[in-house]
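Single-structure report; data block below.
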Amino acid sequence: MYQHKTMDPQEAARLHEMRHTFSHLLAAAVQELRPEVKLGIGPAIDDGFYYDFLTDQPFSLSDLKDIERRMRKLAQAKHDLAPSSMGVAEAKALLAQRGEVLKVELVEDLAAQGETEVSFYGLGGFLDLCKGPHVANTKDLPLKAFKLDRVAGAYWRGDEKRPMLSRIYGLAFLTPEDLAAYIEQREEAERRDHRRLGRDMDLFVISPDVGKGLPMFTEKGTTIRRALERFIVDEEIKRGYLHVQTPILGRKHLYEISGHWEHYQDSMYPPINVDGEDYVLRPMTCPHHFMLYAARPRSYRELPVRYAEISPMYRKEKSGELSGLIRVMGFHLADAHIFCKPEDVKPVFREVVDLIGYVMETLGLAERCWYRLSLRDDHKEKYIDAPESWAMAERDMRDICEEMKLEAQVEPGHAAFYGPKLDVQMATVGGREETLFTNQIDIALAQRFHLEYIAEDGSRRMPWVVHRSSIGCLERTIAFLVEHYAGALPLWLMPVQVKVLPITDEQTAYAAQVKDQLERLGLRVELDDRKETLNRKVREAKMQKIPYLCVVGQREQQEGSVSVTNRDTDRKSTLPVAQFADAVLKEHVTRSRQLRAAGAA
RNA sequence: GCCCACGUAGCUCAGUAGGUAGAGCACUUCCUUGGUAAGGAAGAGGUUCAUCGGUUCGAUCCCGAUCGUGGGCUCCA
């Protein structure tokens, strides 16, 4: 979403202070207007600030105007942001006397961390527990560069078991121009949103009658999907993967063995009972692949075994979490499980990282993605209890990141219950971070399924398992591609690659022949022989982001040529049909991201 | 699931201080045979304003519930 101009650290710090002060100003205004409201927390964020309030009557959008007016009035009174500090006991007493129950809790936590003194900032009659820093005086706030933005509910301390607070978000920048630019950028992002483009480009449909979170692909969307599937399946086979097919239902028992039933049940559909046996829609493919592996004895000679599948799977989501193609309940993951000797796990994982690197490069997403190393956190109960294996797997992953020079963000608390993950992250146009691909070292499941192989010395040993997705889940990957390219996908992914536009119906037959010639090569071509003006046909084709437009009139027909317009450069050139066909075909099969077949830059 | 907002023709949106709905684009028909981003004219299109209840002489507009969508929170591929 909003990309900061490169800002020198001083300026960035000043902006941060301002935003933080704005959040105090917001809280002060709110408490003047509604004294019964209690304070949560109010930090600066990427595009401004927010403040959380405890109240029986959550704020609504219509409240923002009054609050904003009060903020401006308060700021114009030129209050100093006066710091002070006091002992923990005194602070608690003061806050308790003001009824600030949430702030009391914060002080107690600080005390538990060993703090003996806490700091406050005043703003007129308003006083807030806060470590600062702030601008010196409210007159230093750029009142024309801020705006209250929206309201939302947010659980106290991010815990859904605790009360829901009412959060007010505000935007704040150094200058009014920055604010306007940000708002403009947000509108531009809306135009790139895959949900909007998906409809405009006729890629997918979500029908309430089919069910929310259950997208359907049109023929055009399916074409994109098929291109991705063919690409990844071919690539995986080249790299030694064995493509298999397993069912989307499985006995509940299977997931009890794997531990998913215990650890992951909230995300699974309730069992379907058939003749007294419980079946579940699979949320993951691992147990199925494990059973394939376990179906016969395995020798160390055949390891690593790499089972891959484009797996349909179903995960139950809370309704508020669904979003277009990015968060759905039914999706298709390019999944694989690699069974290897424990001592081979590093080379195997390196090979996985190499594959996803290649995929990102091919899709043109490499610049937009970053790695996240997802480890355990202190809430150990979420994870399989095997401290030594965890330590080993986490160390292996760190080593690999280092060796392969991946600058991964380390994030405790995001690991799978059975092992650490190396995720590839990307941001939607709306600025929300999502996982595109995920790869895991599994320290637990092989044991639960009693997987083994026979080693050189004849002993039975347990393999390690690497879970990985090469091109992620197709729904989400398509959404990111559409947003990244604003609909103008690389040629090999475009549902319609070439459009032939006859100028008059004299050329319809010739145009059909051109179309045929291109289609015989496996290209996706449409003929627009409607009785419309050329201008109109060109306009519509441009809006559909068709990579190449072939205009054919009398001249082209006579010389057996096409007059081609390049989507990306908007340049035109006239060339023999065969020559154009060869050039496009080459770009298609090489999955080129540049259109060079005609009118190259 | 929770908080806030929204739900009017295929799309983008008007509208009525409550008296049984309108525009542009798309669509259909006719005219135009046009050389690179909207040729012209006419017409049709809403079981009447997501659904179901309630208030009212009367509701698209007020209230409630449900469903769906969007933005947050939590969760997550």
Side-chain angles (χ1 to χ4, degrees), chain A residues 50 52-53 55 57-64 149-169 186 190 193 195-196 199-200 202 206-209 211-213 264 266-267 283-284 311 313 315-329 331-335 374 414 416 421 423-426 430-440 467 469 471-477 479 501-508 531-543 549-556 563-565 570-572 574:
Chain A
Y50 70 77
D52 286 343
F53 301 99
T55 169
Q57 287 174 288
F59 293 100
S60 93
L61 232 38
S62 52
D63 297 323
L64 296 189
D149 191 31
R150 55 197 196 275
V151 295
Y155 298 110
W156 170 234
R157 311 201 110 179
D159 183 344
E160 63 181 325
K161 294 191 179 58
R162 310 205 57 182
M164 174 151 290
L165 310 181
S166 182
R167 176 176 294 179
I168 297 177
Y169 282 97
R186 211 154 66 167
E190 227 168 89
D193 190 306
R195 289 166 294 195
R196 184 192 190 86
R199 196 187 52 219
D200 291 350
D202 188 27
I206 297 175
S207 153
D209 291 320
K212 55 187 174 185
Y264 204 74
D266 285 349
S267 300
M284 307 210 162
S311 307
M313 45 184 69
R315 293 186 189 172
K316 207 174 74 186
E317 296 281 352
K318 295 174 187 168
S319 60
E321 296 163 343
L322 301 171
S323 174
L325 289 182
I326 289 183
R327 282 297 290 283
V328 294
M329 304 234 257
F331 57 97
H332 296 76
L333 185 71
D335 205 0
S374 299
H414 285 275
K421 306 196 288 186
D423 302 315
V424 174
Q425 302 295 106
M426 189 162 165
R432 194 164 30 198
E433 174 178 345
E434 298 281 359
T435 299
L436 197 53
F437 317 139
T438 180
N439 309 285
Q440 302 138 17
H467 304 235
S469 79
I471 202 166
C473 91
L474 297 171
E475 287 81 358
R476 185 175 283 190
T477 299
L501 311 179
I503 292 173
T504 76
D505 47 16
E506 304 273 295
Q507 290 90 42
T508 307
K531 296 190 189 330
E532 285 295 346
T533 58
L534 182 64
N535 276 340
R536 174 157 215 114
K537 292 178 183 181
V538 168
R539 178 181 153 80
E540 288 177 11
K542 290 269 187 195
M543 290 199 305
L549 305 184
C550 288
V551 172
V552 298
Q554 204 178 15
R555 282 203 300 277
E556 289 77 11
S563 168
V564 185
T565 304
D570 208 35
R571 294 192 179 206
K572 302 165 191 55
T574 300

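Below, chain A is the first sequence line, B the second, and so on; all start at residue 1.
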Atom pair distance, as rounded to whole Å: [atom1] in [X] and [atom2] in [N]:
X	N	atom1	atom2	value
A:Arg195	B:rU12	CZ	P	13 Å
A:Asp200	B:rG10	CG	P	16 Å
A:Arg167	B:rC73	CZ	P	6 Å
A:Met329	B:rG68	CE	P	9 Å
A:Tyr169	B:rG70	OH	P	17 Å
A:Asp52	B:rC73	CG	C1'	9 Å
A:Glu433	B:rG72	CD	C1'	16 Å
A:Glu317	B:rC73	CD	C1'	15 Å

For A:Ser374, give me all partners under side-chain hydrogen bond (donor to acceptor under 3.5 Å, both in side chains), at least two apart in sequence or on another chain. A:Arg372, A:Asp423
Return yes if some donor-acceptor pair links the side-chain N/O of A:Lys531 with the main-chain N/O of A:Asp505 below 3.5 Å, else return no.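 Absent.
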Whether A:Ser469 side chain and A:Leu333 backbone form a donor-acceptor pair below 3.5 Å: no
For [X], report the nucleic acid contact type (base, sugar-phosphate, nothing); a contact means any heavy atom under 4.0 Å.
X	value
A:Arg476	base
A:Lys161	nothing
A:Gln554	base
A:Glu434	base
A:Arg555	base
A:Ser469	nothing
A:Arg315	base
A:Phe437	nothing

Spacing of CH2 belonging to A:Trp156 relative to CE belonging to A:Met164, to within rounding of 0.5 Å: 14.0 Å
If you round to the nearest 0.5 Å, how far is CD1 of A:Ile471 from CG of A:Asp335?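 So the CG of A:Asp335 and the CD1 of A:Ile471 are separated by 13.5 Å.
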Which value, in whole Å, describes the distance between the [atom1] atoms of nucleotides [N] and [M]?
N	M	atom1	value
B:rC25	B:rU33	P	23 Å
B:rA23	B:rG46	P	14 Å
B:rA38	B:rC27	C1'	16 Å
B:rA5	B:rG45	P	37 Å
B:rC13	B:rG7	P	11 Å
B:rG72	B:rC11	C1'	27 Å
B:rA14	B:rA9	C1'	13 Å
B:rU47	B:rG10	P	8 Å

The criterion is salt bridge (charged side-chain N to carboxylate O under 4.0 Å, His left out); which residues satisfy it with A:Asp193, sequence neighbours excluded?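 Once residues adjacent in sequence are excluded, the partners of A:Asp193 under the salt bridge (charged side-chain N to carboxylate O under 4.0 Å, His left out) criterion are A:Arg195.
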Taking only residues two or more places apart in sequence or in another chain, which ones pass salt bridge (charged side-chain N to carboxylate O under 4.0 Å, His left out) with A:Glu506?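 Residues passing salt bridge (charged side-chain N to carboxylate O under 4.0 Å, His left out) with A:Glu506: none at all.
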Heavy-atom closest pair, residues A:Phe437 and A:Gly472: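 A:Phe437 and A:Gly472 have their closest heavy atoms at CD2-N, 3.2 Å.
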Which heavy atom of A:Lys421 sits nearest a heavy atom of A:His414, and at what distance? CE-O, 2.9 Å
Treat primed atoms plus P, OP1 and OP2 as sugar-phosphate and everything else as base, then score nucleotides 37-47 of chain B 5' to 3': B for base contact with protein heavy atoms under 4.0 Å, S for sugar-phosphate contact only, - for none. BBB--------
Duplex segments of RNA chain B, taken as runs of at least three Watson-Crick or G-U pairs that stay under 3.5 Å: B:1-7 with B:67-73, B:10-13 with B:22-25, B:27-31 with B:39-43, B:50-54 with B:62-66
Tell me whether the OP1 or OP2 atom of B:rC73 has a side-chain N or O from A:Arg150 closer than 4.0 Å. no
Kindly confirm or rule out a cation-pi arrangement of A:Arg162 over A:Tyr155, judged by NZ or CZ under 6.0 Å from the six-membered ring centre and within 45° of its axis? no
So which nucleotide from B:rG34, B:rC73, B:rA77 ends up closest to the side chain of A:Arg327? B:rA77
Nucleotide nearest A:Cys473 when distance is taken to its side chain, options B:rC11, B:rG72, B:rA77: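 So the side chain of A:Cys473 is nearest to B:rA77.
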If you pin A:Leu322 and A:Gly472 to their nearest nucleotides in RNA chain B, which one's is more 5'?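 Taking each residue's closest nucleotide, the earlier one in sequence belongs to A:Leu322.
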Could you say whether A:Trp156 or A:Asp505 is positioned toward the 5' end of RNA chain B, judged by the nucleotide with the nearest heavy atom to each?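 It is A:Asp505, whose closest nucleotide lies nearer the 5' terminus.
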Looking at A:Glu321 and A:Arg315, is there a salt bridge between them, counting it only when a charged N and a carboxylate O are closer than 4.0 Å?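 Judged by the 4.0 Å cut-off on N to carboxylate O distance, A:Arg315 and A:Glu321 do not form a salt bridge.
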Would you mind checking if A:Glu540 and A:Arg536 are paired as a salt bridge, meaning a charged N to carboxylate O distance below 4.0 Å? yes
State whether the distance check finds a donor on one side and an acceptor on the other, under 3.5 Å, for side chain A:Glu556 versus base B:rG35. yes
Test A:Arg476 against every option in A:Met426, A:Arg327, A:His332 by the side chain to side chain contact (heavy atoms under 4.5 Å, CB included) rule and name the one that passes.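 Testing each of A:Met426, A:Arg327, A:His332 against A:Arg476, the sole residue satisfying side chain to side chain contact (heavy atoms under 4.5 Å, CB included) is A:Arg327.
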Verdict with reasoning, A:Asp200 to A:Met543, per side chain to side chain contact (heavy atoms under 4.5 Å, CB included): CA-CA 9 Å; A:Asp200 291 350; A:Met543 290 199 305; over 6 Å; no
N/O-N/O pairs, protein side and nucleotides 1-9 of chain B side, under 3.5 Å:
unit_1, atom_1, unit_2, atom_2, d
B:rG1, OP1, A:Ser319, OG, 2.6
B:rG1, N7, A:Ser319, N, 3.4
B:rG1, N7, A:Gly320, N, 3.2
B:rG1, N2, A:Tyr155, OH, 2.3
B:rC3, O2, A:Gly153, N, 2.9

